[in-house]
Structures are given as structure tokens and as C-alpha cells.
Undergrad: 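One structure, as C-alpha cells, below. Some questions next.
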Number of protein chains: 2
Amino acid sequence: MSATKLKDIASALGLSYSTVSRALKDNYRISEETRNRVKAYADKIKYKPNLAAQSLRNNRTRSIGVLVSNISNSFFSEVLDGIESIGYEKNYQVMITQSLESPENELKQMENLISRSVDGLLVSLCSTSNSVELLKETHLSGTPVVFFDRISALFETHKVVADNCGGSYNLTKHLLENGYKKIAHITSSPELSIAIERLEGYKKALAEYNVPFDEELVKHCLHGGMLIEETEKAVDELLKLEKSPDAIMTASDRITINTITILHNKNIAIPEKIAVAGFSNFSAPQIIAPPLTTIRQPAFEMGKMAAELLIRLIESKKPVDAFEKIILETELVVRKSTIRKR
Amino acid sequence: MSATKLKDIASALGLSYSTVSRALKDNYRISEETRNRVKAYADKIKYKPNLAAQSLRNNRTRSIGVLVSNISNSFFSEVLDGIESIGYEKNYQVMITQSLESPENELKQMENLISRSVDGLLVSLCSTSNSVELLKETHLSGTPVVFFDRISALFETHKVVADNCGGSYNLTKHLLENGYKKIAHITSSPELSIAIERLEGYKKALAEYNVPFDEELVKHCLHGGMLIEETEKAVDELLKLEKSPDAIMTASDRITINTITILHNKNIAIPEKIAVAGFSNFSAPQIIAPPLTTIRQPAFEMGKMAAELLIRLIESKKPVDAFEKIILETELVVRKSTIRKR
DNA sequence: CTGAAAGCGCTTACAG
DNA sequence: CTGAAAGCGCTTACAG
């Protein structure tokens, strides 16, 4: 490792290392001249302070911990991209962990991050999370926590979310306006905040168009589509209904892809037999067959906002009095032929 | 933060804190009984050692640094998933950074990671990298470096790569066997190891089938398809050729998606007019139109192998004498109708 | 404006 | 088998 220490600079320059330390971090009563000499020399030899020593001393690590459900999920990988971009800009190291939808993993990862003394936490909960107590403690002990995407009703804190209700309202409305009557909804675990909100938007649109809500048309994939079998079961059940649906509104990337794959495999024509439209952030909705009408979430933006908010909280001197909740608009992208136009 | 320290345990148990420290980390001459008492108590109060203090003392951080081109690229996000899974298993924190294909970013990120005293580095270089000197130094100073995916000819070290040459050979051969004669190849920057290897496999297959290699049929996207314009230019140039190609073999995810999107937009039928097949790890090749024949790289596996190798190097007592190079097989996935069958 | 000293929480060589 | 002490590289209250 780079072996230069404060001491080396000090002895090279004939100063005490307290002076060097102070010169390097400005805002202290140090003569202009000394400061410049020190800085010039430090630059020259590319001095890098030992972060471990600084952390130990300052009780700050300039790092933030992130917990997502799954790194390789396209929505989350975009969020992470956004978080990293802010981390880089503000010089915070980002430590990424995943729960893989297991509450045990989640808790362990969270404890890991906390034992690494991260300065703050960015969290998207798994569906059956039991980490809320730990997060509360952490928050109380002065390490800020910002939730994004999947939040908890059990813990009031800062939040950055997409307008899930509005998004699913718009998408459902779009289907209704194009003449669909029996719109099914395949979504993830009913305990997830995002699932609850998306269901709400769906119901709201139905009500507005006087379409009675039918419990049987709503199906849950408890693992959010991580297992194709659960989506398969959902689709099968829908197809078996007396009056099977004429459209399916899907609530996530994986569920959307699964649903289309399954319908393809069953040779059920989209959109002639059943229309599909859904939440999706995956890379290429325009080239799938048929081009898919989607609600796109501002994932990159969400990561950026959440990271910015967190860093602001970390760096604010005075304790933050009120919790912020940032709601980001979703975008309805209508693509030809995914649903029959009226 | 959890305020329990060694000292607290020591005073609670009436021991010196050196004894507590030793009891906690086994393999030392400590009586069975004391050890158990200490461990039981530590468990009870959920003692977590202060990582910063340990790092400072041990010059080890139990963390590994990762550099990829772009987190949200589906190939890399799968690799990261694999790396994280091993990090979790072996209790190493993973610090992820991205170069965004900028050599300046790359260098700065690398310096960041090194100044955080990571125990090892997992690197996929950007196409015009100038970080190799720094990496050499790092490696010499005892911090192991493992390259994956995109490697450098300038620096002999441990490597984990896909069989790019074999993959592109297989894919090209598949096209040739199905009667295509003028096969174009759109690939990324000619300086990238993966691009060189894929070009090689392409040439090898052509030679085997006595198809003369034609320079004009090879196009480079210097940003690896991050800008759709560069792929558009490549496709345009190919279409303008006297005898325009009957198939395009694409060398990466983004280039594949771009190419299909562009051909769609130009209303050029795939595969009737031009067949497309390419390297791709994106989530749903089966539902794109038409279902795409791809070479799939074992991305998750690559991340796992690279992380395992790195951690083995970190933990090996004796310096490693020989560099390992692990080559992972790629998988040709033939899907209906992406190319006309003979 | 600058220096000497204490201390952050650990680990480990040195005694006993 | 256990303890007292030094030291990892910083920062900062205390003197001057």
C-alpha cells in the first residue's frame, strides 16, 4: 500500500505532524504559507490519508450502505447506478448488499453494514422483512436511514418512492380507454408497499370507469416473479376463470417478462387474445414481441435522489426535524400493438 | 452505533481486554473455560468489533474492490451478483465502482479503492485504460489483482474470462451452417481483449468454411454501444455496401439490442432480410422479436469464480508463484426464427 | 500560528 | 494461561 504517512510529510518539511494534519484540512488557523507548502508536497508525493485511522478517530467512514433485493434485477441495477454516481461525485464509498428476498439475509447484511460503521443506510426492504427494529435503533443512534422503492409502514423515516399508485392508475386507465373490461393484475407479495400502492391505483381506475373490482383477477407472486413457476400458476388460474381476462396488467419487470414468456409458450396471441402491459425497466421493451406498453419508473433518478438525500442528512449539523418523502413520477410509454387500439 | 467494546466485556467479566481479544479469536493459548465464558457473553450482548480499529491494526479490511464498466449493464450486474454472493459467504464487504468507460474515472476509482485499503481488486478494464501501471504497483505491494472479462495484455496476472473466441466461433459457424455467406460483425472497441478474441473466433469460423474475410464487414462501436448513434452508423455503413450482409453477428448485449432496434425502425425484416445473432446476457432473449439466437456468457459464474480466486489469493500465506487463468465456456442458445434455417 | 500529548478500539510481542 | 504496554495513523483539545 502507499506507505506515506503524515509523519513522513512532517519530517520532510520540518513540521510537527499536527500542523501537517491541520494544513491539509483547511479551515484552521494555519499560515497561508505553511498550508501551501504542505499541500504542494502532499500533492507531489500523492499522499493518501489512511482511511481506517480517520474512521477510528472521527467515527465517520465516508461510506454508505445499500440494501436491495437483487443486484442483477434491472430496476435495482439502475438504481444502484444512480446511487454510485452520487457516491462518486460526493466521494462516498458505496457498499452494496442484497437480501435475495430472505429476511435472514437481509438482517445479516444490515448488521454487517452497521458493524462497518457506514455513515448512512439506503434500504429497499424485502417483502417479509424483520429488520425494521434494527433500522429504528440505527436511526435513533444517529445513523440516518433512507428507504427507497419498498418502504415500511412500521417505521417513519425519509423515503424516496415512485408514484406507484399513479403509475398503475394510468396504465389501467389506458387499458380501460382502449376497451378492455376484464383486466387482471399480477403483482408481487401483498405485504410490499409497492404492491399495495399499485393495487390501489388499479382499483381507482376501475372504479372511475365503473368496472366492478373482482378479487379473482388479482394474483400474487410471493417471490416477485423470481420463480417462473409462481407466475405460471397465476396465469393458469386466470385462464381457468369462467370469463378469463382480456388484459393483464403486471406489476414488475420479472413478472412482466414471465407473463409474456408463458403466454408465448402457450401460443396465446398478444394482444389478440390477451393484452399485456406492465411495470418494466428492462433494457429493451421496444424489441420484445409485441413491443410492450409499460410504466417506466425513474430508477436511476430514484437512486440519485435517495443518495443525495442521505448524504445531506449525514452532513447536516443539526438533527433533521421532519421526514422527507420524495415521490417521483412514473412514465407511461405506449408502444404499438401491445394492446389493440380502439 | 453499538457502543460495546472489548473493554466493556473485559470489565464485565473481570478479565483484561487482551484476554478477551484472544478468547474471541480462538487459536490461542487460552483456557477452554475462559474462552467459553467470553464467547457466551459476547454473543449475549451482540458484540461487534470495531472494523476500523481492526483494519488499522491488522492492515486488512476484509473488503474487496470491484471495478466494472457500468453497473446497470446486464452482463456486469450478473457478474456483480456472483461476486456479492461469494463476498457474503466469505464475509468480505464488496465495494463496487464503475468506470463508465472513462479512463480518468477508472483511475480515480481505483485510487479510491486502494486508499480504502481493500484487500484485493477485481477489475474489468475500460477500453482505453491507463490504470495498468497503478495496478501493477498495487499487485507488487501485495494486494492481489484479478482481472475478469476485459483483461490487459500489458499486465500478467490472474484472470477469469469467458471463452470469447470459442463462443464467437460457434455462433459464426452456426450462421455459416445455415447458409449465410456474408456475415457482418459489429463489435466494440478494437483495443478490448474481448473484442479481439471475438473477432478471432469469427475469422476462424470463416476460414474453416472457406469464406474470405472481408474487412468492410467488421464494424467497431468505440463505446461498446452505449451510444445508439455509433451502432446506427455501423448498420448504415453495412447496408450501403455493394453486397450488403445477409447476417449480423453482434458482440455484446447493448450492440445486439441496438442493432435489432435499428433494423426494426428501418423496417428491415429479421431474419428474412438480415439475420441477427449475438452475444447477450440480457434478461429475456426469448421474448424479443424474433426470439434471438445468442451466445450466453456465464456471468454469474464468472463473478463467483473471480471472487473465489481473489479471496484465495488474499488468504494464502505464501506468495502465489503462478498466475491462474480460468476460461469459462459460453453457451450457444439457438432460438426459433432468429435466423432462417436451412 | 504551531507543537506535544492523549486517545479512537483493537492486536500482539514481551513478561511472568 | 493471563496481563500490562506499545503501537497502528490519524485528529484535536490544551498550551504556549
Undergrad: Please determine if a side-chain N or O atom of A:Ser21 lies less than 4.0 Å away from the OP1 or OP2 oxygen of D:dT11.
TA: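 Yes, because at least one side-chain N or O of A:Ser21 sits under 4.0 Å from OP1 or OP2 of D:dT11.
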Undergrad: Rounded to the nearest angstrom, tell me the gap between atom CG in B:Asn59 and atom P in C:dT12.
TA: 12 Å
Undergrad: Just the rounded figure in Å: distance from P of C:dG7 to CG of A:Leu56.
TA: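 So the CG-P distance, A:Leu56 to C:dG7, works out to 14 Å.
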Undergrad: Counting only side-chain heavy atoms from C-beta out, which of D:dA5, C:dC10, C:dT2 sits nearest to A:Thr19?
TA: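 So the side chain of A:Thr19 is nearest to C:dT2.
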Undergrad: Is the closest basic N to carboxylate O distance between B:Glu191 and B:Arg150 below 4.0 Å?
TA: no
Undergrad: On the nucleotide D:dT11, are OP1 or OP2 found under 4.0 Å from the side-chain N or O atoms that A:Gln54 carries?
TA: yes
Undergrad: Under a 4.0 Å N-O cut-off, is there an ion pair linking A:Arg312 with A:Glu324?
TA: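 Answer for the salt bridge query: yes.
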Undergrad: In whole angstrom, give me the gap between the P atoms of D:dA15 and D:dT11.
TA: 22 Å
Undergrad: Using modelled atom types and a 3.5 Å cut-off, is there a donor and acceptor pairing between side-chain atoms of A:Ser131 and backbone atoms of A:Leu134?
TA: no
Undergrad: Distance criterion of 3.5 Å, no angle test: do you see the side chain of A:Arg57 paired donor-to-acceptor with the base of C:dG9?
TA: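 No, no donor-acceptor pair under 3.5 Å.
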Undergrad: Without decimals, in angstroms, what is the distance between A:Arg22 CZ and D:dC14 P?
TA: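 Roughly 13 Å, once rounded to whole Å.
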Undergrad: With distance as the sole criterion, do the side chain of B:Ser16 and the base of D:dA4 form a donor-acceptor contact below 3.5 Å?
TA: no
Undergrad: Under a 3.5 Å distance rule, please check whether A:Gln98 uses its side chain to pair with a backbone N or O of A:Leu67 as donor and acceptor.
TA: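 Judged by distance alone, no pair lies under 3.5 Å.
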Undergrad: Return the 5'-most residue of the pair B:Ala53, B:Ser18 with respect to DNA chain D, ranking by each residue's nearest nucleotide.
TA: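 Of the two residues, B:Ser18 wins.
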Undergrad: Taking Watson-Crick (N1-N3 plus N6-O4 or O6-N4) and G-U wobble (N1-O2, O6-N3), each under 3.5 Å, can you produce the dot-bracket string of DNA chain D? Use [ ] for crossing pairs and | for inter-strand ones.
TA: |||.||||||||.|||
Undergrad: Rounded to the Å, how far apart are A:Tyr17 OH and D:dT12 P?
TA: 14 Å
Undergrad: Relative to the ring of B:Phe155, is the ring of B:His139 parallel (under 30°), tilted (30 to 60°) or perpendicular (over 60°)?
TA: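 Perpendicular.
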Undergrad: Can you check the B:Asn58 CG to D:dC8 P distance for me, whole Å?
TA: 13 Å
Undergrad: Between A:Leu24 (CG) and C:dT2 (P), how many Å, whole number?
TA: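 Value for this atom pair: 14 Å.
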Undergrad: With a 4.0 Å cut-off, would you call B:Glu111 and B:Lys108 a salt bridge?
TA: no
Undergrad: What is the distance, rounded to the nearest whole Å, between atom CZ of A:Arg35 and atom C1' of C:dT2?
TA: 13 Å
Undergrad: Roughly how far apart, to the nearest Å, are C:dC10 and C:dC14 at atom P?
TA: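 Taking atom P in both C:dC10 and C:dC14, they lie 24 Å apart.
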Undergrad: Figure out the CG/P separation between A:Leu15 and C:dA4, and round it to whole Å.
TA: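 That distance rounds to 11 Å.
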Undergrad: Is the backbone of B:Ala52 close enough, under 3.5 Å, to the side chain of B:Asn50 for a donor and an acceptor to pair up by distance?
TA: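 Here the side-chain-to-backbone pair exists.
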